[in-house]
Amino acid sequence: QVQLVESGGGLVPAGGSLRLSCAASGRTGNINNMGWFRQAPGKEREFVAAIRWFGSSADYSDSVKGRFTISGDNAKSTLYLQMDRLRPEDTAVYYCAARGGTWSSDRYSSPDEYLYWGQGTQVTVSS
């Protein structure tokens, strides 16, 4: 089992920045990919970014590309999401997720492919 705990959410004005963290514990050796997803009220959970846990591969949704940066510290088993130039439409609960398996755009962008999830952290961007 892998446990994921997010932190760093909060209220920020449009144009501001936040950095989310996700601490992983347990059988972290099972992790090959980690990702961030978000879910706004009344909407489905959507892909934000993913990173190959060992290696430099990363990818982003079009809506956050150029504004958000995903990174990981393997030694600390911690995943980060640096969010800059935030917009009101970025308001959502942000979830950290982890999975094994291969690095593939069909898999790392689908929430169904992730086995482990954190409890979520609220991000609210005011206009």
Side-chain angles (χ1 to χ4, degrees):
Q1 286 285 355
V2 174
Q3 294 78 43
L4 304 174
V5 178
E6 302 100 332
S7 61
L11 174 65
V12 62
S17 299
L18 279 176
R19 188 175 84 153
L20 305 183
S21 299
C22 172
S25 61
R27 294 178 177 264
T28 57
N30 293 341
I31 298 174
N32 283 347
N33 312 279
M34 295 195 74
W36 289 98
F37 291 78
R38 65 187 183 186
Q39 189 166 17
K43 295 188 177 181
E44 293 185 353
R45 191 167 298 189
E46 66 170 356
F47 169 72
V48 174
I51 190 168
R52 192 172 186 176
W53 201 227
F54 295 98
S56 59
S57 298
D59 201 7
Y60 302 86
S61 68
D62 289 341
S63 61
V64 307
K65 196 171 294 184
R67 300 187 298 122
F68 291 11
T69 304
I70 188 172
S71 63
D73 185 332
N74 295 334
K76 296 182 179 180
S77 296
T78 302
L79 179 72
Y80 303 100
L81 184 68
Q82 177 67 40
M83 304 187 294
D84 298 317
R85 304 198 304 278
L86 282 160
R87 304 168 179 167
E89 53 264 39
D90 295 319
T91 295
V93 177
Y94 283 71
Y95 297 92
C96 168
R99 63 180 294 272
T102 57
W103 176 255
S104 158
S105 60
D106 291 340
R107 293 186 172 180
Y108 64 62
S109 63
S110 171
D112 294 338
E113 292 287 337
Y114 286 80
L115 182 60
Y116 307 107
W117 291 86
Q119 81 288 352
T121 185
Q122 176 70 47
V123 171
T124 303
V125 184
S126 61
S127 57

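Along the sequence shown, residues are numbered consecutively beginning with 1. Computed from heavy atoms alone, side chains included, the values below leave out hydrogens, waters and symmetry copies.
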To the nearest 0.5 Å, tell me how far [X] [atom1] sits from [Y] [atom2].
X	Y	atom1	atom2	result
Ser25	Gln1	OG	CD	10.5 Å
Leu81	Met34	CG	CE	11.5 Å
Asn33	Ile51	CG	CD1	10.0 Å
Leu18	Gln82	CG	CD	8.5 Å

Pairing residues for [X] by the side chain to side chain donor-acceptor pair (under 3.5 Å) criterion, not counting sequence neighbours:
X	answer
Glu89	none
Ser126	none
Arg67	Asp90

Indicate yes or no for a side-chain donor-acceptor contact from [X] to the backbone of [Y] under 3.5 Å, with no hydrogens or angles considered.
X	Y	answer
Asp73	Thr78	no
Asp59	Ala49	no
Thr91	Pro88	yes
Ser104	Thr102	no

Once ring pair (Phe, Tyr, Trp, His ring centres under 6.0 Å) is applied, what residue pairs with a partner in residues 54-83 remain, sequence neighbours excluded?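 Passing the test, one end in residues 54-83: no pairs.
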Any pair counted as ring pair (Phe, Tyr, Trp, His ring centres under 6.0 Å), so long as it reaches residues 22-45, sequence neighbours left out: Phe37-Phe47, Phe37-Tyr114, Phe37-Trp117
What side-chain donor-acceptor pairs closer than 3.5 Å can you find for residues 4-12, not counting sequence neighbours?
residue: Glu6; atom: OE1; partner: Gln119; partner atom: N; Å: 3.0
residue: Glu6; atom: OE1; partner: Gln119; partner atom: NE2; Å: 3.4
residue: Glu6; atom: OE1; partner: Gly120; partner atom: N; Å: 2.9
residue: Glu6; atom: OE2; partner: Cys96; partner atom: N; Å: 2.8
residue: Glu6; atom: OE2; partner: Gly120; partner atom: N; Å: 3.2

Restricting to non-hydrogen atoms, name the atom on [X] and the atom on [Y] that form the minimum distance, rounded to 0.1 Å.
X	Y	value
Tyr116	Asn30	OH-ND2, 4.3 Å
Ser105	Ser109	O-OG, 2.7 Å
Ser63	Arg87	O-NH1, 4.0 Å

Mind jotting down which residue pairs meet the side-chain hydrogen bond (donor to acceptor under 3.5 Å, both in side chains) criterion with at least one end in residues 40-55? Sequence neighbours excluded, please.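 For residues 40-55: Arg38-Glu46, Gln39-Arg45.
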Name all residues meeting the side-chain contact (heavy atoms from CB on, under 4.5 Å) criterion together with Thr28; count only those two or more places apart in sequence or in a different chain, and write none if there are none.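 Ala24, Ile31, Ser77.
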Which residues share a side-chain contact (heavy atoms from CB on, under 4.5 Å) with Val93, sequence neighbours left out: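 Residues passing side-chain contact (heavy atoms from CB on, under 4.5 Å) with Val93: Tyr95, Gln122.
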All pairs passing salt bridge (Lys or Arg N to Asp or Glu O under 4.0 Å) where residues 109-120 contributes a residue, at least two apart: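 Residue pairs passing salt bridge (Lys or Arg N to Asp or Glu O under 4.0 Å), neighbours aside: Arg99-Glu113.
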Would you list the pairs meeting salt bridge (Lys or Arg N to Asp or Glu O under 4.0 Å) in which at least one residue belongs to residues 16-27, sequence neighbours left out?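 Every pair satisfying salt bridge (Lys or Arg N to Asp or Glu O under 4.0 Å) with a residue in residues 16-27: there are none.
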Does a side-chain heavy-atom distance below 4.5 Å link Val123 with Leu20? yes
Ile70/Leu79 under side-chain contact (heavy atoms from CB on, under 4.5 Å): CA gap, chis, key distance, verdict: CA-CA 8 Å; Ile70 188 172; Leu79 179 72; 3.8 Å; yes
Sorted by chain and residue number, the ring pair (Phe, Tyr, Trp, His ring centres under 6.0 Å) partners of Trp103 (sequence neighbours excluded) come out as Tyr108
